[in-house]
Amino acid sequence: MNRILIAEDEPRLASFLEKGLKSNGFTTTTVGDGVSAVLLADDADFDLIVLDIGLPGKDGFSVLREVRAAGQRIPVIILSARDDISDKVDGLELGADDYVTKPFRFEELLARVRVRLRVEGTAETTVLRAGEMALDLRTRRATVDGHSVELSAREFTMLEVFLRHAGQVLSREQLLSHVWGYDYDPGSNVVDVYVGYLRKKLGRDRIQTVRGMGYSLVS
Ligand code: CA
């Protein structure tokens, strides 16, 4: 199992990252300031650090500088609130492995986490399957009963989330945060709308409504 250190001071985002990573099989430890991040990063048991730039105490750049100065090769993915190219360049020059700009969708971060850990030797599935459905993550093609199905980017991500959790019940909130991101209005009905789109394309019975709880992909 991979252990991830999350350094993020914004409680809502920290909990979004924690929940998402845990539901994908990672173990997480969260800190809300830069000093604790440096101390914990010293613990060689972590496999990856998700590092916010705007941290109290010591910012993400300083944390990264100290981690690298201590000779730690651990993969670091930087989170920044600003879509500022100089931030990105600074981060990468200091030895960050990747960079995600807020707001981001969880799947976007997850893909980067997986890439970094794969470089470290973890195998990753490229085709997800359930019953007669298959989703090829490299070619971005979906097939149902052997026929190719055209999906929009959002539909594709939603089906990917369902397939990664086939047979489990996913709440609207989980689907919102996985597919749309943590800053999406929780009162929105986009999840129901997109489940409707997917049902039209995949067949009505493949996604069940679990009353009062959410949706479940029939595996
Ligand atoms: Ca912050």
Side-chain angles (χ1 to χ4, degrees), residues 1-126 137 160-161 164-165 173-174 177-179 181-184:
M1 191 183 290
N2 291 115
R3 292 189 62 198
I4 298 181
L5 176 61
I6 301 168
E8 170 59 63
D9 61 316
E10 199 184 308
R12 191 169 169 205
L13 178 52
S15 113
F16 163 77
L17 292 168
E18 246 172 47
K19 281 187 204 154
L21 290 168
K22 279 182 182 155
S23 78
N24 281 280
F26 298 98
T27 304
T28 61
T29 301
T30 305
V31 293
D33 67 278
V35 178
S36 312
V38 172
L39 286 175
L40 275 182
D42 233 8
D43 174 357
D45 280 351
F46 290 104
D47 300 298
L48 186 139
I49 305 175
V50 175
L51 179 63
D52 182 33
I53 290 296
L55 285 175
K58 209 172 249 182
D59 73 8
F61 291 132
S62 311
V63 172
L64 180 59
R65 198 177 292 118
E66 290 186 33
V67 165
R68 290 296 182 240
Q72 292 237 45
R73 306 280 317 134
I74 181 169
V76 175
I77 299 177
I78 282 184
L79 304 180
S80 168
R82 291 161 294 176
D83 191 5
D84 184 341
I85 194 75
S86 68
D87 264 13
K88 180 171 184 171
V89 171
D90 288 349
L92 296 176
E93 271 178 1
L94 284 171
D97 299 272
D98 213 336
Y99 190 95
V100 179
T101 304
K102 299 176 190 177
F104 54 89
R105 289 178 304 107
F106 182 74
E107 297 304 307
E108 194 182 327
L109 176 79
L110 183 63
R112 287 161 195 251
V113 166
R114 288 206 162 104
V115 165
R116 287 305 142 197
L117 294 174
R118 183 161 69 235
V119 171
E120 304 296 308
T122 320
E124 162 70 348
T125 338
T126 53
L137 301 176
E160 178 182 349
V161 173
R164 287 193 188 278
H165 303 275
E173 193 195 11
Q174 281 174 310
S177 76
H178 276 287
V179 183
Y182 57 90
D183 61 346
Y184 214 89

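Of all the heavy atoms in H178 and G20, the pair that sits closest is CE1-CA, 4.3 Å. Of all heavy-atom pairs spanning D9 and G54, the tightest one is OD1-O, 3.1 Å. In this structure, L5 and A37 approach most closely via the heavy-atom pair CD2-O, 3.9 Å.
Side-chain N or O atoms of R116 include none that pairs as donor or acceptor with a backbone N or O of V76 at under 3.5 Å. With hydrogens and angles ignored, the 3.5 Å screen pairs no side-chain donor or acceptor of E18 with any backbone N or O of T30. Under the 3.5 Å distance criterion, the side-chain polar atoms of E8 are matched with a main-chain donor or acceptor of E10.
Annotation: the span from T27 atom OG1 to D47 atom CG amounts to 9.0 Å, rounded to 0.5 Å. Of the inter-residue distances, the one linking F26 atom CZ with L48 atom CG reads 8.0 Å to the nearest 0.5 angstrom. One distance of note links CD of E93 with CZ of F61; it measures 10.5 Å at 0.5 Å rounding. Between R112 atom CZ and I78 atom CD1 the span is 12.0 Å, to the nearest 0.5 Å. Note that the CD atom of Q174 and the NE2 atom of H165 stand 7.5 Å from one another [nearest 0.5 Å]. Of the inter-residue distances, the one linking I4 atom CD1 with F46 atom CZ reads 10.0 Å to the nearest 0.5 angstrom.
A heavy-atom distance below 4.5 Å is found between the side chains of K102 and L13.
Between R68 and D97, at least one side-chain N (NZ, or NE/NH1/NH2) sits under 4.0 Å from a carboxylate O, which counts as a salt bridge.
F104 and F16 have tilted rings, their planes meeting at an angle from 30° to 60° on a 0 to 90° scale.
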Working for side chain to side chain contact (heavy atoms under 4.5 Å, CB included), residues L17 and L79: CA-CA 11 Å; L17 292 168; L79 304 180; 3.9 Å; yes

Candidate pair I6 and L21, rule side chain to side chain contact (heavy atoms under 4.5 Å, CB included), full reasoning: CA-CA 10 Å; I6 301 168; L21 290 168; 4.0 Å; yes

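The local environment of CD in E108 is crowded, with over 12 non-hydrogen atoms from other residues, nucleotides or ligands closer than 6.0 Å.
Here the options are V63, D33, L64, the test is side chain to side chain contact (heavy atoms under 4.5 Å, CB included), and the partner is V38; only V63 passes.
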